[in-house]
Asks: 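This is the structure I want to talk about, given as structure tokens.
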2 protein chains.
Amino acid sequence: MLTRSEEDHIKAVYALLQDNDSAFTKDIAERLRTKASSVTDMLKKLAEKKLVKHEPYYGVKLTAKGEAIALQLVRRHRMWETFLVNRLGFGWDEVHEVAEQMEHVASDKLIDKLDAYLGHPSFDPHGDPIPDKHGKIRARKTKRLSTCMQGDSVRIAAVSETTDGLLRLLDSKGLRIGSVLSVQEVHAFDGSMDVKPKSGAAFSLSKDVSHHLQVEAA
Amino acid sequence: MLTRSEEDHIKAVYALLQDNDSAFTKDIAERLRTKASSVTDMLKKLAEKKLVKHEPYYGVKLTAKGEAIALQLVRRHRMWETFLVNRLGFGWDEVHEVAEQMEHVASDKLIDKLDAYLGHPSFDPHGDPIPDKHGKIRARKTKRLSTCMQGDSVRIAAVSETTDGLLRLLDSKGLRIGSVLSVQEVHAFDGSMDVKPKSGAAFSLSKDVSHHLQVEAA
DNA sequence: ACCGTTTATTAGCCATGCCTAATCTTTTTT
DNA sequence: AAAAAAGATTAGGCATGGCTAATAAACGGT
């Protein structure tokens with residue numbers, strides 16, 4: 001059995017490995033609102049359990065076993081988010097904290113039954129893929145909106161940050177998963193871009209925002 | 001904020017106070033599968049927080065504040081049990097452990113929404129009352145089947161023990177919440193009684209069983 | 001190639017929540 | 001009433017998972 005803290009560290013490493021190919025002590029500490037020295041200790045412990053490969057001073061990767069655990073946690077987290085939004089009527093900006101607690105409830109049978117109850121969803125309310133029972137993630141070819149060029153027409157597939165602020169900003173502009181928009185202009189100066197939704201007036205998005213929007217060709 | 005262990009101790013005290021008018025260190029320890037000395041430490045801590053009144057050597061009671069917390073925990077526990085059985089299709093003998101974990105998820109909004117989603121249930125799958133948002137418990141006039149006399153006709157209202165063994169035994173005899181049965185004979189020797197369900201043949205129940213069946217007049 | 005900055009690690013401390021063993025209290029037996 | 005038993009508390013120890021301060025390694029700019 002893993003402790004809650006061990007699970008949190010594995011999840012943090014997994015999340016960081018999505019963007020970079022090695023995870024660093026400092027970033028893990030920041031994510032967990034803890035200190036680098038605490039993280040070093042935990043990495044040592046997880047390395048002994050063969051869940052991570054830790055090269056001191058050079059960052060950490062997950063072993064196959066560690067990744068499998070991370071995928072289960074991601075599965076549980078996204079499944080509960082789906083339940084909270086689709087069944088209980090929470091807003092997509094309200095569910096992260098609660099799911100963070102629920103994901104640590106350990107029962108395979110529970111998640112299997114929940115999966116069936118929700119109709120075996122492949123994506124959570126933020127558009128992120130839900131790993132299946134065996135940890136398989138349904139592949140999609142998406143890219144960041146920030147990498148798109150003038151004239152591209154795209155559909156929003158996922159929002160890769162679950163802070164209240166970003167989600168509420170999208171709500172206020174009428175953007176949600178599935179929204180289709182075309183890129184009007186990209187400003188080299190600050191990376192901001194003007195986009196026009198299918199119906200409605202064009203508006204501008206900062207690079208901070210477009211960077212976190214995963215889109216697919218529309 | 002309370003820790004998980006603090007919550008567990010408060011719940012144990014509450015449960016013991018249902019049957020006796022003071023809770024003892026030894027019994028709390030047994031319930032929590034821990035040792036008496038650990039319980040003493042925790043009681044001291046809870047007493048400082050004004051959640052229990054602890055008279056060393058003479059047992060412990062809950063303060064109003066402590067009882068309010070216990071009622072919230074009971075509410076969460078029974079609400080999740082209801083969800084697991086009524087929505088996810090778990091058997092009533094399978095849900096205790098999982099609910100034990102889920103009850104520690106802290107979010108008032110979550111429980112409010114779950115309450116509405118389940119249709120504001122007043123009783124859980126074992127027939128136990130679910131305290132409302134303010135901790136009020138819907139009163140019923142029930143008694144233990146073991147206190148009934150020959151000729152009484154009663155309906156099973158609740159099962160006051162959530163061990164797999166008892167629940168499966170009831171399942172095997174076709175007994176569930178709402179079952180109606182009449183008392184044929186009570187044996188003074190061992191306290192066992194012969195009962196006859198509305199439809200079907202009579203059978204015998206040991207005192208261990210009848211003691212845990214809460215019934216109301218049918 | 002060196003020096004300063006950034007990042008990691010180690011060493012040592014602390015709180016929590018558990019434990020065992022020893023020492024009370026209270027209750028029960030004789 | 002004294003002895004024994006049962007139960008509760010205290011004293012002291014241990015593992016976990018945090019922390020700060022001190023040290024070590026890697027990196028970036030000159």
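Protein chains get the first letters and strands the later ones, always in sequence-line order, with residue 1 at the start of each.
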Asks: Has the side chain of B/Thr25 got a donor or acceptor atom sitting under 3.5 Å from an opposite partner on the base of D/dT9?
Replies: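 Side chain to base: no pair present.
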Asks: Output the rounded distance in Å from NZ (B/Lys35) to P (C/dT16).
Replies: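 From B/Lys35 NZ to C/dT16 P: 23 Å.
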Asks: Want to settle it: does A/Ser37 or B/Asp27 sit nearer the 5' end of DNA chain D, counting the closest nucleotide to each?
Replies: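 Here B/Asp27 is the residue nearer the 5' end.
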Asks: Of the options D/dG18, D/dG17, C/dC19, whose atoms approach the side-chain atoms of A/Thr3 most closely?
Replies: D/dG17
Asks: Looking at the side chain of B/Phe24, which of D/dA8, D/dG17, C/dT10 is the nearest nucleotide?
Replies: D/dA8
Asks: Between A/Asp41 and A/Ser38 (side chain of the first, backbone of the second, donor and acceptor by atom type, cut-off under 3.5 Å), is there such a pair?
Replies: no
Asks: Can a donor-acceptor pair be found, under 3.5 Å and without considering hydrogens, that links the side chain of A/Thr25 to the backbone of A/Thr40?
Replies: no
Asks: Side chain of A/His54, heavy atoms from C-beta onward: which of C/dT9, C/dT10, C/dC18 has the nearest atom to it?
Replies: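 That would be C/dT9.
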Asks: Just the rounded figure in Å: distance from P of C/dC18 to CG of B/Leu32.
Replies: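 Computing the B/Leu32:CG to C/dC18:P distance gives 8 Å.
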Asks: Considering just the side-chain nitrogens and oxygens of A/Thr40, establish if one lies under 4.0 Å of OP1 or OP2 belonging to C/dT9.
Replies: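 Yes, such a contact exists.
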Asks: Could you tell me how far apart A/Lys26 (NZ) and D/dC27 (P) are, to the nearest whole angstrom?
Replies: 15 Å
Asks: Side chains of A/Asp208 and A/Ser206 only: does a donor on one sit below 3.5 Å from an acceptor on the other?
Replies: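 No - no donor-acceptor pair under 3.5 Å links their side chains.
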Asks: Check the distance between D/dG13's P and B/Asp41's CG and give it to me in whole angstrom.
Replies: 15 Å
Asks: Output the rounded distance in Å from CG (B/Asp8) to P (C/dC18).
Replies: 9 Å
Asks: Please state whether the rings of A/Phe83 and B/Trp80 are parallel, tilted or perpendicular, taking 30° and 60° as the class boundaries.
Replies: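 The arrangement is tilted - the two ring planes meet at 30° to 60°.
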Asks: State which of C/dT26, C/dC19, C/dT9 makes the closest approach to the side chain of B/Tyr58.
Replies: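 Comparing C/dT26, C/dC19, C/dT9 against the side chain of B/Tyr58, the answer is C/dT26.
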Asks: Applying a 4.0 Å non-hydrogen cut-off, can you work out what A/Ser38 is touching in the nucleic acid: base, sugar-phosphate, or nothing?
Replies: base
Asks: Tell me: CZ of A/Arg33 to P of D/dG18, nearest whole Å?
Replies: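 Rounding to the nearest Å, CZ of A/Arg33 and P of D/dG18 are 14 Å apart.
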Asks: I'd like to know if the side chain of B/Asp194 pairs up with that of B/His187 as donor and acceptor (distance under 3.5 Å, no hydrogens or angles considered).
Replies: yes
Asks: From the options D/dT16, C/dT9, D/dT10, select the nucleotide whose nearest atom is closest to the side chain of A/Lys45.
Replies: D/dT16
Asks: Give a yes/no answer on whether the side chain of A/Lys44 brings an N or O atom under 4.0 Å of OP1 or OP2 in C/dT10.
Replies: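 For A/Lys44, the contact criterion (side-chain N or O under 4.0 Å from OP1 or OP2 of C/dT10) is met.
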Asks: Rounded to whole angstroms, how far apart are CE on A/Met42 and P on D/dT16?
Replies: 10 Å
Asks: Let me know the distance between CD of B/Glu55 and P of D/dG7, rounded to the nearest Å.
Replies: 20 Å
